[in-house]
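Have a look at the structure below before the remarks.
In what follows, every chain begins at residue 1, and chains take the letters A, B, ... in the order their sequences are listed.
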There are 2 protein chains.
Amino acid sequence: MKTKLSKITPLENLSLVDKVELRLKEYFKENDLKIGDSIPKELEFAEALGVSRTAIREALLRLRTIGVIESKKRKGMVLTQPDIIQNFEKAIEYNLLGEEALVDIFELRLILEMGMADLLFARKTQKDIDELDEIVSKQEQEETDTVVFSLKNEIAFHGRLYEISNNSTLQRFQDLLLPVFNYVHDNMPKGAKDYKYSKGKFVTHRDLLNILKNDNAETFREAMRNHLEPHFERILNIIKSHPNL
Amino acid sequence: MKTKLSKITPLENLSLVDKVELRLKEYFKENDLKIGDSIPKELEFAEALGVSRTAIREALLRLRTIGVIESKKRKGMVLTQPDIIQNFEKAIEYNLLGEEALVDIFELRLILEMGMADLLFARKTQKDIDELDEIVSKQEQEETDTVVFSLKNEIAFHGRLYEISNNSTLQRFQDLLLPVFNYVHDNMPKGAKDYKYSKGKFVTHRDLLNILKNDNAETFREAMRNHLEPHFERILNIIKSHPNL
DNA sequence: TTTTTGTATTATGTCATACAAATAAAGTAC
DNA sequence: GTACTTTATTTGTATGACATAATACAAAAA
């Protein structure tokens, strides 16, 4: 059996800055530092660890990059609550994700849409319903009776759903996933955009809204599954390579 | 008379390194650089942008921290595919997430469990089923007939489900969420661990497995919803603050 | 007294230079 | 051609200096 070798760092292949970073992490843990606490200044760390200010700065810069600390002139460095989504964002901005990662992310979005039904029903307010209604009505006027996807409308409707979840991490995650979604959508094969639904009954935004208004999470999930069917079809037909098996 | 100072835009407050980082990003985009491409050396950038090597290094270090580039001595810097989960990981390691973010993440995990049913049914193999069977059987031997949660068993079973998804981003995401899950689990109020199910019928791992074996995604979802009911109950009863409304 | 303005202090930000360390590439011996 | 040694190059680290911004506080003005 292949044992998990996930988080074991090779011995002493660490650069000086790596070591400094580890020591800093230790220091934070030992002193049980919390958000808002300030930490010693660069020169003090440098002296205490016996390395140059350069090494300390590089280590601290890493922490700043992942959002664990913030620095202000004269004031020094302060521990901050890291913005976990922001790091995601930054990495994505560089358009360096491979095909596989993009597909993974696309799937992730479908999973989220399917999984958040219970949250929606628990947290929906009348205001949410009203605003969704407005969105849907506007879309109905705009669109002809065709089933063609308008990406803009998709985003408006589904984005509003995420807001109802009242889970800001989830929301920001979705914001982040949008560019990927767009990318995959734009690169859709032509036929995909007028997809024929297996069971004939296409669930529209209006349908979803009505269910959200009057029905329950279970019904909503299955309706959403139908609504997303073209996406699922495409995804589930991709034979994924199994690189790490 | 004292004039109103209403409409004057603050001038750019970017640090030099910030600007350098932006220029680097531009450079990558303009030259349409891809994974594996190598970029000019630090001194060349420094000269080209008219700043010190220090500034360049700090900007590049940021990129290295988020995993967009890798550096090797003598060889220089090479664009790499960023590991989007890793950044998440690093931020979490410092235990600086606030209560709200933790709850968000916990919710996210429930959402994932609920949402991934279709992937499971599309990708399950006989091997997956067999191994799950083994896991469940072992658990049945271990546990008495009580319904008490054994965290270890939860992880083994649900972790295996994530593997079936064959979405490595999702899997790593789940690995990452585990500590948070543990934390919330450990801090559970005492009564929560022997939760009474609303409809009397508690869905066990065995039940889930049988459904995965013989039934369909829809049934699986609702079974999972039941299985996760105690967690949902706790989450959905939390009145979340609405900081940004 | 209150408010504004100047000034000193201090920690981070940036620069310049030098050297250490790793290693790809070239060279050398066989 | 292979194995070993040397060289050149690029990043990694150290040091010292100065710039910049935020802060506290003193001084001046209202």
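Mapped onto DNA chain D by nearest heavy atom, A/V17 and B/E44 fall at different nucleotides, with B/E44 at the one closer to the 5' end.
No more than 12 heavy atoms of other residues, nucleotides or ligands lie within 6.0 Å of NZ in B/K75, so this atom counts as exposed by the packing criterion. Other residues, nucleotides and ligands contribute at most 12 non-hydrogen atoms within 6.0 Å of the CD atom of A/E70. Within a 6.0 Å sphere centred on NZ of B/K72, other residues, nucleotides and ligands contribute 12 heavy atoms or fewer.
The cationic group of A/R23 does not satisfy the cation-pi geometry with A/F28, failing either the under 6.0 Å distance to the six-membered ring centre or the 45° limit from the ring axis.
Going from atom CG of B/L43 over to atom P of D/dG12 covers 12 Å, rounded to whole Å. A/L14 has its CG atom 11 Å from the P atom of D/dT13, to the nearest Å. As rounded to whole Å, 15 Å separates atom P of C/dG13 from atom NZ of B/K19. Between the P atom of C/dC15 and the CD atom of B/E47 lies a distance of 14 Å, rounded to the nearest Å. Between B/E70 atom CD and D/dT10 atom P there is a gap of 19 Å when expressed in whole angstrom units.
Ion pairing of B/K127 with B/E131 is present here, as a side-chain N (NZ or NE/NH1/NH2) and a carboxylate O approach within less than 4.0 Å. Salt bridge annotation for B/R62-B/D18: present, with a cationic side-chain nitrogen under 4.0 angstrom from a carboxylate oxygen. A salt bridge does not link A/D128 with A/R123: none of the charged nitrogens is closer than 4.0 Å to a carboxylate oxygen.
A/E163 meets the salt bridge (charged side-chain N to carboxylate O under 4.0 Å, His left out) test with A/R160; sequence neighbours excluded.
For B/S71, a side-chain nitrogen or oxygen approaches OP1 or OP2 of D/dG12 to under 4.0 Å.
Within residues 56-68 of chain A, no residue has a heavy atom under 4.0 Å from DNA chain D.
Minimum atom distance to the side chain of A/M77 is reached by C/dT12, of the listed C/dT12, D/dT13, D/dT11.
Taking the centre of each ring, A/F157 and A/Y162 stay at or above the 6.0 Å mark.
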> How would nucleotides 16-27 of chain D be written as a contact map, 5' to 3', with B for base contact, S for sugar-phosphate-only contact and - for no contact, using protein heavy atoms under 4.0 Å?
Replying inline: -B--BSBB----
